[in-house]
Amino acid sequence: QVQLVESGGGLVQAGDSLRLSCAASGGTFSSYAMGWFRQAPGKEREVVAAISWNSDSTYYADSVKGRFTISRDNAKNTVYVQMNSLKPEDTAVYYCAAAEGPLRLFEYDYWGQGTQVTVSS
């Protein structure tokens, strides 16, 4: 069983940056594809970014391409998302997720509890 704990959320102004971290425990982190998702009030959860187990492949939603960067450190069992040029529409609860196997955009096996990101205009 994999446990995921996100951190790094907060209240920022438009144009600011944040880096979210997700620490994993209880599994073989280096065998998991990892993803960052978000859910805004009244909206469905959406994938933001994903990364393969060895960082060879990444995916970004069109809405964050060029502003967000996903990365991972398998030695630290941690995945990150660097979020630059934040916009009010980035406001959401951000979740990390893990899945055994290749990079994917859905059907993740394990989820964190989420961290709130609020961007004021």
Side-chain angles (χ1 to χ4, degrees):
Q1 189 77 5
V2 176
Q3 291 82 44
L4 303 172
V5 179
E6 302 96 336
S7 60
L11 172 62
V12 298
Q13 293 188 330
D16 285 351
S17 298
L18 276 177
R19 188 177 80 156
L20 305 183
S21 301
C22 173
S25 61
T28 306
F29 180 76
S30 59
S31 69
Y32 289 94
M34 299 297 297
W36 283 99
F37 293 74
R38 67 186 181 188
Q39 187 166 21
K43 294 189 176 182
E44 296 204 350
R45 186 171 59 195
E46 60 176 353
V47 60
V48 172
I51 189 167
S52 60
W53 69 274
N54 60 357
S55 303
D56 275 2
S57 299
T58 56
Y59 165 86
Y60 296 95
D62 286 343
S63 58
V64 307
K65 220 172 267 185
R67 299 188 298 121
F68 289 14
T69 303
I70 189 171
S71 62
R72 65 189 295 162
D73 185 339
N74 287 346
K76 295 183 178 179
N77 290 354
T78 303
V79 62
Y80 308 94
V81 61
Q82 176 68 41
M83 306 186 296
N84 298 330
S85 302
L86 282 162
K87 305 175 181 180
E89 51 263 44
D90 294 319
T91 295
V93 178
Y94 284 71
Y95 301 89
C96 74
E100 286 196 77
L103 183 151
R104 66 191 63 190
L105 306 184
F106 50 87
E107 293 184 349
Y108 277 76
D109 303 306
Y110 305 102
W111 294 83
Q113 82 289 349
T115 186
Q116 177 70 47
V117 172
T118 303
V119 185
S120 64
S121 56

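What you are looking at is a predicted structure, and each value in this text was computed from that prediction instead of being measured.
- Among residues at least two apart or in separate chains, disulfide (SG to SG under 2.5 Å) pairs with a member in residues 59-121 are C22-C96.
- Here the side chain of T91 pairs no donor or acceptor atom with the backbone of T118 at under 3.5 angstrom.
- For the side chain to side chain contact (heavy atoms under 4.5 Å, CB included) test, residues two or more places apart in sequence or in another chain that qualify with D62 are K65.
- Residue pairs satisfying the salt bridge (charged side-chain N to carboxylate O under 4.0 Å, His left out) criterion with at least one member in residues 92-120, sequence neighbours excluded, are absent.
- For D73 and T78, the side-chain atoms include no donor-acceptor pair closer than 3.5 Å.
- Scanning for side chain to side chain contact (heavy atoms under 4.5 Å, CB included) contacts around E89 gives K87, with sequence neighbours left out.
- Residues satisfying the side chain to side chain contact (heavy atoms under 4.5 Å, CB included) criterion with T28, sequence neighbours excluded, are S30, S31.
- Counting only residues at least two apart or on different chains, no disulfide (SG to SG under 2.5 Å) pair has a member in residues 44-95.
- Other cluster members for V93: F37, V47, Y59, Y95, L103, L105, F106, Y108, W111, joined by side-chain heavy-atom distances under 4.5 Å among Ile, Leu, Val, Met, Phe, Trp and Tyr.
- The shortest non-hydrogen separation linking R72 to A33 is NH1-CA, 4.2 Å.
- Contacts classified as salt bridge (charged side-chain N to carboxylate O under 4.0 Å, His left out) and involving residues 28-40 (residues at least two apart or in different chains) are given here: R38-E46, R38-D90.
- Using a distance-only test at 3.5 Å, with no hydrogens or angles considered, no donor-acceptor pair links the side chain of R45 to the main chain of A40.
- With a 4.5 Å cut-off between side-chain heavy atoms of Ile, Leu, Val, Met, Phe, Trp and Tyr, the cluster of Y80 takes in none.
- Through chains of ILVMFWY side-chain contacts below 4.5 Å, L20 is grouped with V2, L4, V12, L18, F29, Y32, M34, W36, V48, I51, Y60, V64, F68, I70, V79, V81, M83, L86, Y94, Y110, V117, V119.
- The heavy-atom pair separating S17 from Q82 by the smallest distance is CB-NE2, 3.8 Å.
- Sorted by first then second residue, the salt bridge (charged side-chain N to carboxylate O under 4.0 Å, His left out) pairs that include residues 6-21, not counting sequence neighbours, number zero.
- Here the shortest heavy-atom pairing between A14 and S121 reads CB-CA, 4.4 Å.
- Residues that satisfy the side-chain hydrogen bond (donor to acceptor under 3.5 Å, both in side chains) test with K43, not counting sequence neighbours, are absent from this structure.
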